[in-house]
Amino acid sequence: MDPNRFTRLSDTAWQLEPTGKMRVPAIIYASEALISEMDDKVAEQACNVATLPGIVQASYAMPDAHWGYGFPIGGVAAFDADEGGVVSAGGVGFDVSCGVRTLHTGLTRECIEPVKPALADALFDAVPAGMGSTGRIHLRDQQMTRMLAGGAAWAVEQGYGEAADLDRIEEHGRMSGAEPQAVSEHARKRQRNEMGTLGSGNHYLEVQHITQIYDPRVADVFGLTEGQVVVSIHCGSRGLGHQIGTEFLREMAVSATRHGIDLPDRELACAPIRSELGQRYLGAMRSAINCALANRQIITHLTRGVFAKVLPEARLDLLYDVSHNTCKVETHGIDGQPRELYVHRKGATRAFGPGHPELPVSLRDVGQPVLIGGSMGTASYILAGTNEGERLSFNSACHGAGRAMSRHQATRQWRGRALVDELAARGILIRSPSLRGVAEEAPGAYKDVSQVVQATHDAGLARLVARVEPLVCVKG
DNA sequence: ATGTGC
């Protein structure tokens, strides 16, 4: 879109003043190059979000923003319940609590290279991937209820992983306020056999090596050094989150008028925070957050099992686990006053700065690890949250590269087999059940993640700490 | 993202 449409607040912040029914401005964080390439739909959707009741400060879009269902993907919006604020299923997205966790291995790239094909095959065998994939865990109803209430803490109780992991997970591995009884039978049924599975689309499990350190002081606290190997897992709440999203979107769309909400776009369906429907959605959505946390915890356990066999000297300690599709109750300073807000992040990563009380003591001095997954075969980045991020975006950053073209368009332009071969020639081993899925995820179908991350850094949303590049990628 | 449309 045309950058001249905006009031330029800085090199990387672009504002649209409130017009029509907008209650607050819309602010997009991006470089001039990124905003020029961005679809007009992003600004249109960010402005639509700015009309919703109880929105505070501004409607935001991150540098990787693109067109989504109702809210842009890469959108951030906070609402105050005291001012009639709303909660929106479309403001969280279908893949509730999709997120990334990164594990240390204690190994260097040299340790991996001789066993790389065996490691790739073993990970592909151990971690089910792809559309409709199921695992070895089958949850009966009572266990499902415990999982939805307990998250990664439940998974650790079941023997998946270690208690020490919980300290490095958002919400200490268990989202409070979950109400499993708000999750439909249908959603539970869809999830029954899907625990410990990656799913499809942009989800993956990657073995990566650290190729650059930008901030040695923070990298030291995060335990990152150049040449070291890490493992990153990107996935969410599978069929359960999707079903919850589908059901509540429908219910919120139907009831918006009854709640006295005037929607500029039906896809912005939402409900007052202080309504039966709003509370029921929050209870179900928090259950889906626990599902995603448990899912990543189980996949971590499966990954540790593979390394124990292939590279027994490895020790997979968790660096951090953070979601990028949530609505969370957080306290933020607004005009010098602390206020409790319902912060929607849809394709936006929470990025708490140094000193935040939610952070584990071991990380608190330097800020939260912000884990940004790149597209298949490209770099990923580890950043740290900032204090200025609170004022800028309620402590939110980008979440990835962001698609530059549709899946359909990508399959016309690339062949899965050729991509796998090209990446293998560059030392990157892809294992996927779907060559079509690989074509849809072609690196060329995404924006350049390094530009997105640089804009995030320049805007002050989060600070660059390290770059990692893939060695092995299990792709859904 | 997703039993890749109910």
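A note on names: the letters A, B, ... follow the listed sequences, proteins ahead of strands, and every chain is numbered from 1.
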Quick one: ring pair (Phe, Tyr, Trp, His ring centres under 6.0 Å) partners of A:H457, sequence neighbours excluded?
none
Respond yes when some side-chain nitrogen or oxygen of A:S200 is under 4.0 Å from OP1 or OP2 of B:dT4, and no when none is.
no
Less than 4.0 angstrom between a side-chain N/O of A:R407 and OP1 or OP2 of B:dT4, yes or no?
no
So what does [X] hit on the nucleic acid, given a heavy-atom distance under 4.0 Å: a base, only sugar-phosphate, or nothing?
X      : value
A:G236 : nothing
A:Q191 : nothing
A:H324 : nothing

Output the rounded distance in Å from [atom1] ([X]) to [atom2] ([N]).
X      : N     : atom1 : atom2 : answer
A:E247 : B:dC6 : CD    : P     : 12 Å
A:R436 : B:dT2 : CZ    : P     : 14 Å
A:N325 : B:dT2 : CG    : P     : 11 Å

How would you list all residue pairs meeting side chain to side chain donor-acceptor pair (under 3.5 Å) that involve residues 39-48 of chain A, not counting sequence neighbours?
A:R5-A:D40
Residue pairs passing the side chain to side chain donor-acceptor pair (under 3.5 Å) test with at least one member in residues 268-281 of chain A, sequence neighbours excluded, are A:D82-A:R274, A:E251-A:R280, A:E276-A:R280
How are the rings of A:F94 and A:Y69 set to each other: parallel, tilted or perpendicular (split at 30° and 60°)?
perpendicular
Residues in side-chain contact (heavy atoms from CB on, under 4.5 Å) with A:T12, at least two apart?
A:S10, A:D458, A:A459
Residues forming a side-chain contact (heavy atoms from CB on, under 4.5 Å) with A:Q413, sequence neighbours excluded:
A:M405
In residues 411-419 of chain A, which ones come under 4.0 Å of DNA chain B, going by heavy atoms?
none
